[in-house]
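See structure below.
Order of the sequence lines sets the chain letters (A, B, ...), proteins ahead of strands, with each chain counted from 1.
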Protein chains: 2
Amino acid sequence: MQPKISLQDIAIRLGVSVKTVSGALHNRSIRMSEETRRKIRSLADELGYEPNLIARGMRSGVMPIIGMIGDGLITQPFASEIVRSFDNVLRTHDLSILVTDIAGGRGIEQGLAELQRLLPRGIVYASMYHHVVALPAGARGMIELMINCREADNAVPALVPAERQAGFNVTRYLIERGRRDIAFLTLPGLVASSLREHGLRAAFETHDLIVNEDWIRPATRGATYSDRARSVVREQIAEWMAAPQRPDAILCGNDRVALEVYGALRRVGVDIPGDVAVASFDNQVEIAARLDPPLTTMALPHREMGRIAGEILAGQRNKPDTVEEIPFRLIERASV
Amino acid sequence: MQPKISLQDIAIRLGVSVKTVSGALHNRSIRMSEETRRKIRSLADELGYEPNLIARGMRSGVMPIIGMIGDGLITQPFASEIVRSFDNVLRTHDLSILVTDIAGGRGIEQGLAELQRLLPRGIVYASMYHHVVALPAGARGMIELMINCREADNAVPALVPAERQAGFNVTRYLIERGRRDIAFLTLPGLVASSLREHGLRAAFETHDLIVNEDWIRPATRGATYSDRARSVVREQIAEWMAAPQRPDAILCGNDRVALEVYGALRRVGVDIPGDVAVASFDNQVEIAARLDPPLTTMALPHREMGRIAGEILAGQRNKPDTVEEIPFRLIERASV
DNA sequence: CTGAAAGCGCTAACAA
DNA sequence: TTGTTAGCGCTTTCAG
């Protein structure tokens, strides 16, 4: 690694002033003879000049950095797709990404303060599962965009998965494939789940079907779903399957629930999809693709959200006015 | 947000020089009257002074940042535990973490160059699955530590999971629980898998058992395992279970393979753990804990590696001389 | 024990 | 059209 070379170095070698070099390299609008500009540029290339980002940052008060506050990278680790595609697009704009995870009990404000100190060009808040977060008053103005979550009163632009639409579409898909008796295993307390349920109900209505309320039940005990919550999937399935009228399709709150449904259904000797179809949400590939039969599911738009967020932060795209819903994709496999 | 206040501001208000303030705040060894020091400190607190990191960085040529080059955040997303715990310890030392993912075809060198420009205090390389990477010559000197992977000739200090030991321990566990006929579904082409297999063989030897070579078979077709590789789990299980002598335990290359094994075993009416025990590696909780019965597995030490790496980069701990192996933890559930 | 001042690399206001 | 120079906020050397 050769010693870093500065504007000064170039200026001296060429016998011009620093400001001329700076102008030639970074500021098209500064007028000067084409000759000079060319000479400067070629020497800079030859020497491998690279601007010192820190010096520039000090001068301008902004660093080419985007801060990202993440909450719960731990809970839904597969959401790291968001970070990845975000990083990918930002990189093409010479922006780096500074992450900090909030889940360990640190407040949003503290995370924000830490990021701020590096003078990022912008800060986003990304949640690892779709929910509504209560931003402290002070944080509102500092956060440009929320990804996979939204602020309580939609005061901050946000990108969220189109849960309702996904619920509608997968239900319609089931109906179109001839299923009428559709059960739904919900994720208690999660917005994602209740929106998905709304979608399901809307699809029923559209097709003049009525929902059997006994077939809408929680997948876990307790007020809010989590990976540690006590599962009641096996019991629910057992009851449904013992009843005189059985569902012919089970829609699951997410792929992990579907995983349990497979086990429960096998246990009572029910064939998928012969006797009952199973469909789900998320497309957590390591599960969905490996189940037997492979699981039909609505893929969360993590990658798309990351990409769009990147474009917004890079200034290539306008922020949504309030909340923008990004559609899921239906992944057809063999469980329906 | 109040206008940032600088050393200068404090100096003026107190009628002392900038250097005195700087010394009082950050340099214990600069001698001055206790009186002055106290006055300065209390005013700084009152005004909420925070050093300008960029200015400091420019002066010293180093920023309070650790760069992390990640490859394939996508392949093993649950490895994000590494990042999380790394971030957690670094934060307590006022260090931020700058991530960049290399998987999208960008070379290591390019990723390095981008990180370098922000003058990080150190750079680590983290892989999302355990393998040996070929670092370009230029990169050797720049990377302080490799996490979850190692350099081809161990020229760079590294932290890797103790695969062999894990293979040994889980096998011994199976043996101690009375299992003698243990089969192993390998992950072709992965170092992790072949080390785990070595461990298994060593455990057999220790207990004067001999391995049935027909019971060591790949979980996927083709030369190297991946999530997209064509699975042959169902076939292998079917053959084993149809043979006159059946295994009484199946050790799986990882939890995703175990997931398939559950399906395949159910399909042929075999009870877990009554007829055969199943054990595995990774502890991908969303799978392992939700399987029926819950899966006994060796937990990858992602969190520990992240923490240790953090301590090393924060200067709280010495770098390993070459490769340090971090032990797995046995998670006992109900499948054995 | 404390003050003054240089200088990190860059940008932009001001001069020539 | 080009050159000179003043800072950005900080640390540190050198005088006093």
Side-chain angles (χ1 to χ4, degrees), chain A residues 1-41 43-44 47-65 94 113 116-121, chain B residues 1-41 43-44 47-65 94 113 116-121:
Chain A
M1 176 156 175
Q2 65 276 61
K4 275 290 171 201
I5 84 128
S6 72
L7 284 188
Q8 182 98 249
D9 298 332
I10 299 185
I12 291 175
R13 264 180 235 232
L14 252 34
V16 300
S17 82
V18 176
K19 115 97 196 178
T20 308
V21 181
S22 170
L25 261 21
H26 312 300
N27 201 334
R28 291 243 61 153
S29 66
I30 291 276
R31 316 192 70 69
M32 68 184 61
S33 78
E34 267 319 307
E35 178 59 13
T36 321
R37 193 181 289 265
R38 211 189 39 68
K39 263 198 341 218
I40 293 177
R41 291 233 166 119
L43 182 60
L47 263 33
Y49 168 74
E50 296 213 323
N52 178 323
L53 265 22
I54 281 74
R56 182 181 287 178
M58 163 138 123
R59 189 76 243 273
S60 63
V62 185
M63 294 288 287
I65 283 178
D94 290 315
Q116 297 273 21
R117 299 191 63 187
L118 273 321
L119 304 185
R121 186 206 208 35
Chain B
M1 176 157 178
Q2 66 276 57
K4 276 289 170 200
I5 84 129
S6 71
L7 284 188
Q8 181 100 250
D9 298 332
I10 300 186
I12 291 176
R13 265 180 234 232
L14 252 35
V16 301
S17 83
V18 177
K19 114 96 199 185
T20 307
V21 182
S22 171
L25 260 22
H26 312 300
N27 201 335
R28 294 241 60 150
S29 66
I30 291 277
R31 318 189 70 68
M32 70 183 62
S33 77
E34 266 320 306
E35 177 59 11
T36 323
R37 194 183 288 266
R38 210 191 38 68
K39 264 201 336 224
I40 293 177
R41 290 234 165 117
L43 182 60
L47 263 34
Y49 168 75
E50 296 213 322
N52 177 323
L53 265 21
I54 280 74
R56 181 182 287 178
M58 164 140 122
R59 187 77 240 274
S60 62
V62 186
M63 294 287 287
I65 283 179
D94 289 316
Q116 296 274 19
R117 300 191 62 186
L118 271 322
L119 305 185
R121 185 205 208 38

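Evaluation of the side chain to side chain contact (heavy atoms under 4.5 Å, CB included) rule for M58(B) yields I54(A), A55(A), M58(A) as partners, not counting sequence neighbours. In this view, R38(B) and E35(B) satisfy the salt bridge (charged side-chain N to carboxylate O under 4.0 Å, His left out) rule, not counting sequence neighbours. Residues forming a side chain to side chain contact (heavy atoms under 4.5 Å, CB included) with L43(A) (at least two apart in sequence, or on another chain): I10(A), R13(A), L14(A), E46(A), L47(A). Listed by chain and residue number, L7(B), H26(B) satisfy the side chain to side chain contact (heavy atoms under 4.5 Å, CB included) test with S22(B) (two or more places apart in sequence, or in another chain). Residues passing the salt bridge (charged side-chain N to carboxylate O under 4.0 Å, His left out) test with R56(B): none are found, sequence neighbours excluded. Residues satisfying the salt bridge (charged side-chain N to carboxylate O under 4.0 Å, His left out) test with R121(A), not counting sequence neighbours, are none. Applying the side chain to side chain contact (heavy atoms under 4.5 Å, CB included) rule to T20(A) yields the partners V16(A), S17(A), M32(A), T36(A), I40(A); only residues at least two apart in sequence or on another chain are considered.
Between the two ends of the helix from dC1(C)-dG16(D) to dA16(C)-dT1(D), each summarised by a five-pair axis, the helix axis turns through 50° (rounded to 10 degrees).
At least one side-chain heavy atom of L53(B) sits less than 4.5 Å from a side-chain heavy atom of R117(A).
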Reading 5' to 3' through nucleotides 8-16 of chain D, protein heavy-atom contacts under 4.0 Å coded B for base, S for sugar-phosphate only, - for none: BBBBBB---
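Nucleotide dC8(C) holds its P atom 10 Å from the CG atom of D9(A), rounded to whole Å. For the pair I12(A) CD1 and dG9(C) C1', the computed distance is 13 Å after rounding to whole Å. To the nearest angstrom, P of dC8(C) lies 15 Å from CG of L119(B). Summarising the geometry, the separation between CD1 on I10(A) and P on dT11(C) is reported as 12 Å, rounded to the nearest angstrom.
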